[in-house]
Amino acid sequence: MSAIFAGREAQEAGRPLTIVAFDGGKRIGVKILVAGGGRCNVTHHEVTHDQYAGGKPNAIKSVLRRFDVQETVAFFKDLGVHLKREDTGKLFPTTDNAHTVLDALLRAADDAGAEIRHPARIESIEKTPDGFTLGGDLGEIDARRVIMACGGKALPRSGSDGGGYKLAQTLGHTITDRVFPALVPLILEKSCVLREISGVAVPALLELRGGTGKRLKTFTNSTLCTHFGLSGPAPMDISRYYTAAHLDDRGAHLVACWLPEADRDALDHDLQQLGKRSVAKWLRDKLPESLAHALLEHARVPRDTTGSDLTRDARRALLAAIFEMPLPITGDRGFTHAETTAGGVPLDEVTVKTMSSRVCEGLHLCGEICDVDGRIGGFNFQWAWSSGWIAGRAAAAALASDHARAAPRE
């Protein structure tokens, strides 16, 4: 995105630039190709700054406003990529093929006069009086301006393995004290009954509570039980908040409500009116059979229990399992399975109007290398498009300005 708009800015100004984008991954555009199950969730129909964590909200808002969802949709349409909105609000290419997105971006970069070198990893960077000297696979390269769009640490096989942080630090930037996986599946204790029902997915409300029981964050969305724990939108959305809270408060924990639309008092009344009817059948009418049985097991209610046999304590235990089941999290699946990174270069060190560095003249930063991470559903791609658009245009405009100042006066 940066290369495309740096090139377009230069073309519009009538000042050709040599623009080179280096991609160090073994395969180009891996994050695009794996997103959305290979379909690429380009953005979301409604993106606001409060769907992001990390950097300052007003700074994030400013960036997203400069190149918003409507402009993103129009940009891709101009490239021949038409987007469709699904019930979740996610926008996908109508082809349902991520290659459509990647191929269009590569063509746009070429049309803008930007050269993409791949695979070509940059391993070092040095500030010079005239700009920068980059070192890597292709030897030394001099550049007047540099845009770092190196990603964070998520999905390291894409080339986004934290190497960008080291380069940024070389030029005087800091990295947040905490850098950890975000949008990542969660691991449950081996003894948890949910690990026995792999493949079951239901809408659920997941709630993060502090050690004192204070309610800190909730997400309601599809939740997938797996052989290792939990995946799907709700667990992945809440994962970064759980990790951040747990680092400060070891008592922080998650609970799940498996019937988020139900009224607890009404279900309590129903259970007391069951009589000789089966409690298990009553619960199977509301939830998948394997999940219903797992909740009965968690509450220690035998499957052959009838309403008449259900004691008050057993009834309360079952309701607790349905509405606030503790989730014994032991960790997450790490950066290898994470969709994005929490942490990075603080936005305090970036002038968001131009995505330029406040500590190193001639440097711009955009995308996941910044301390910004969004919810699942296209939000992190929108941050990439928006911040990349700003960085590319600003870098090219700055070079044009430098050239004008350096030109001899008549």
Side-chain angles (χ1 to χ4, degrees), residues 34-48 50-53 83-92 96 98 154-155 181-188 192-209 215-243 253-264 267 283-295 298 321-329 332-333 337-340 373-382:
V34 303
R39 297 192 297 143
C40 189
N41 178 193
V42 173
T43 187
H44 195 276
H45 85 100
E46 183 178 8
V47 176
T48 57
D50 56 2
Q51 291 153 330
Y52 295 81
L83 302 178
K84 61 179 179 179
R85 174 181 168 182
E86 299 194 344
D87 292 342
T88 58
K90 299 176 183 180
L91 299 185
F92 288 90
D96 284 324
L155 197 65
L183 298 186
V184 63
L186 297 170
I187 300 173
L188 295 170
C192 182
V193 294
L194 299 177
R195 291 182 56 155
E196 300 172 8
I197 56 171
S198 180
V200 173
V202 294
L205 181 151
L206 302 188
E207 183 173 82
L208 172 63
R209 296 180 182 178
R215 296 176 175 178
L216 303 175
K217 195 76 177 178
T218 63
F219 286 98
T220 303
N221 212 325
S222 179
T223 298
L224 172 66
C225 298
T226 74
H227 66 283
F228 59 80
L230 297 173
S231 190
M236 294 179 74
D237 271 335
I238 210 165
S239 63
R240 67 99 58 226
Y241 298 97
Y242 169 79
T243 300
H253 59 285
L254 296 181
V255 298
C257 172
W258 301 105
L259 290 172
E261 300 298 323
D263 180 86
R264 186 167 182 162
L267 292 192
L283 191 54
R284 289 197 301 268
D285 289 340
K286 296 169 174 55
L287 291 167
E289 181 176 8
S290 55
L291 177 57
H293 290 167
L295 296 183
H298 176 79
I322 296 170
F323 286 98
E324 48 184 346
M325 179 184 182
L327 299 174
I329 306 296
D332 59 55
R333 300 201 77 195
H337 296 277
E339 293 195 7
T340 191
D373 57 287
R375 290 183 55 191
I376 201 168
F379 297 98
N380 291 293
F381 269 130
Q382 185 59 51

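These values consider heavy atoms only, across backbone and side chains, with no hydrogens, waters or symmetry-generated copies.
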What are the two closest non-hydrogen atoms of Met236 and Ser231, and how far apart are they? SD-OG, 3.9 Å
Could you state the interatomic distance from CG (Leu291) to CD1 (Ile197), rounded to the nearest 0.5 Å? 4.5 Å
Apply the side chain to side chain contact (heavy atoms under 4.5 Å, CB included) test between Pro235 and each candidate in Thr226, Asn221, Leu230; give the one that qualifies. Leu230
Taking every non-hydrogen atom, the tightest pair across Ala234 and Ala204: CB-O, 4.3 Å
Do Asp237 and Leu183 have side chains that get closer than 4.5 Å, going by heavy atoms? yes
Ring geometry between Tyr52 and Phe379 (parallel below 30°, tilted from 30 to 60°, perpendicular above 60°): perpendicular
Taking every non-hydrogen atom, the tightest pair across Ala338 and Ala182: CB-O, 3.5 Å
Mind checking whether Asp332 and Tyr242 have side chains closer than 4.5 Å, heavy atoms only? no
CG on Leu155 to NE2 on His337, rounded to 0.5 Å: 10.0 Å
Heavy atoms of Asp96 and Arg39 approach each other most closely as OD1-NH1, 2.9 Å
Are the side chains of Arg264 and Glu324 in contact, using a 4.5 Å heavy-atom criterion? yes
Is the backbone of Gly374 close enough, under 3.5 Å, to the side chain of Asn380 for a donor and an acceptor to pair up by distance? yes
Taking side chain as C-beta onward, heavy atoms only, is Leu206 less than 4.5 Å from Leu327? yes
Interatomic spacing from CZ in Arg375 to CG in Asp50 - rounded to 0.5 Å: 9.5 Å
Would you check, one step at a time, whether the test side-chain contact (heavy atoms from CB on, under 4.5 Å) holds for Arg333 with Ile187? CA-CA 7 Å; Arg333 300 201 77 195; Ile187 300 173; 4.1 Å; yes
Stepwise, does the side-chain contact (heavy atoms from CB on, under 4.5 Å) test hold for Leu188 with Phe228? CA-CA 6 Å; Leu188 295 170; Phe228 59 80; over 6 Å; no
Would you give the length of the straight line joining atom CG of Leu83 to atom NZ of Lys90, rounded to the nearest 0.5 angstrom? 14.5 Å
For the pair Arg284 (side chain) and Ala292 (backbone), establish whether a donor and an acceptor sit closer than 3.5 Å, ignoring hydrogens and angles. no
Side-chain (Arg195) to main-chain (His227) donor-acceptor, under 3.5 angstrom: yes
Can you see which heavy atom on Lys217 is nearest to which on Ile238, and at what distance? O-CD1, 3.9 Å
Using side-chain heavy atoms (C-beta onward) and a distance below 4.5 Å, is Trp258 in contact with Val202? yes
Is there side-chain contact between Gln51 and Gln382, with heavy atoms separated by less than 4.5 Å? no
Separation between CZ of Phe381 and CG of Asn41, rounded to the nearest 0.5 Å: 8.0 Å
State the CD-NE2 distance between Glu86 and His44, to the nearest 0.5 angstrom. 10.5 Å
Is the shortest heavy-atom distance from the side chain of Val184 to the side chain of Thr243 under 4.5 Å? no
Minimal heavy-atom distance between Leu267 and Ala262, with the atoms involved, is CD1-CB, 4.0 Å
Side chain proximity check, Leu205 to Thr223, heavy atoms < 4.5 angstrom: no
